Amino acid sequence: MGCGAASCAAVGAWKKCYAQNKPAPFQLMIFAGAPLSQTIYGMILMFLIMGAAADPVALAATPGKWVAYVVVGVLAGISMGISAGWQGMAAASSADALAETGKGFTNQLTVLGIVETVAIFVMAFAIVLLGMF
């Protein structure tokens, strides 16, 4: 959803630039793809959970362990999805602002990084929780 929102805004911003005979900034592609990075964090957690769940000895020692894996995975996935959605909305606003003014790319990217930090923290907290089981 985040990439969709940011991509729609980037296309609209390019249209504005073309209509005003201004150069269309390629940096809008960065805004459009920014929420994708959070998929990588989810994939890292998936691999960790799959690796832990593939150990039959560990699962046999603690029969309810898989429930903890599912809960951590689902909650982390939802949290990262919400973060990616908000990052997409921030990227959409950034795309509009950059196309209109041609300025502020570094500031806008910094804001996207702040939102990204939420997903990084979620991944870190989830890894710590998975290590407890």
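These numbers were taken from a predicted model, which means no experiment stands behind them.
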Checklist entry - In this structure, are over 12 heavy atoms from other groups packed under 6.0 Å from K15 atom NZ? => result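 At most 12 heavy atoms, drawn from other residues, nucleotides or ligands, come within 6.0 Å of this atom.
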Can you tell me how far apart [atom1] ([X]) and [atom2] ([Y]) are? Round to the nearest 0.5 Å.
{"X": "L112", "Y": "W86", "atom1": "CG", "atom2": "CH2", "result": "13.5 Å"}
{"X": "F125", "Y": "S79", "atom1": "CZ", "atom2": "OG", "result": "10.5 Å"}
{"X": "I44", "Y": "I49", "atom1": "CD1", "atom2": "CD1", "result": "12.0 Å"}

In one Ile/Leu/Val/Met/Phe/Trp/Tyr side-chain cluster, 4.5 Å: [X], [Y]:
{"X": "L98", "Y": "L109", "answer": "yes"}
{"X": "M123", "Y": "L130", "answer": "yes"}
{"X": "L36", "Y": "M89", "answer": "no"}
{"X": "F26", "Y": "Y18", "answer": "yes"}
{"X": "L48", "Y": "Y69", "answer": "yes"}

Checklist entry - Do E116 and S83 have side-chain atoms, one donor and one acceptor, less than 3.5 Å apart? => result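 There is no such pair (donor and acceptor under 3.5 Å, judged by atom type) between the side chains of E116 and S83.
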Minimum heavy-atom separation for [X] and [Y], please, with both atom names.
{"X": "Q38", "Y": "A84", "value": "OE1-N, 2.9 Å"}
{"X": "L28", "Y": "A13", "value": "CD1-CB, 3.7 Å"}
{"X": "A34", "Y": "Q87", "value": "O-OE1, 3.3 Å"}
{"X": "P25", "Y": "C17", "value": "CD-SG, 3.7 Å"}
{"X": "A6", "Y": "A91", "value": "CB-CB, 3.7 Å"}

Checklist entry - Where the side chain of K22 meets the backbone of G102, is there a donor-acceptor pair that is under 3.5 Å apart? => result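 Checked: no pair found.
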Item to check | Residue list, side-chain contact (heavy atoms from CB on, under 4.5 Å) with L75, at least two apart or on another chain | outcome: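 Only V71 meet the side-chain contact (heavy atoms from CB on, under 4.5 Å) criterion with L75.
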Checklist entry - How would you list, by chain and number, every residue that makes a side-chain contact (heavy atoms from CB on, under 4.5 Å) with M1, sequence neighbours excluded? => result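 For M1, no residue satisfies side-chain contact (heavy atoms from CB on, under 4.5 Å) once neighbours in sequence are set aside.
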Next on the checklist: Evaluate F105 against I30 for side chain to side chain contact (heavy atoms under 4.5 Å, CB included), listing each step before the verdict.
Outcome noted: CA-CA 10 Å; F105 178 70; I30 295 168; 3.7 Å; yes
Next on the checklist: So M29 and W14, do their side chains get closer than 4.5 Å, heavy atoms only?
Outcome noted: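 W14 reaches M29 side chain to side chain.
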Next on the checklist: Evaluate M80 against L45 for side chain to side chain contact (heavy atoms under 4.5 Å, CB included), listing each step before the verdict.
Outcome noted: CA-CA 11 Å; M80 288 179 195; L45 282 178; 3.4 Å; yes
Checklist entry - Hey, mind stepping through Y41 and F121 against ring-ring contact (aromatic ring centres under 6.0 Å, His included) and telling me if it holds? => result CA-CA 10 Å; Y41 308 143; F121 284 154; over 10 Å; no
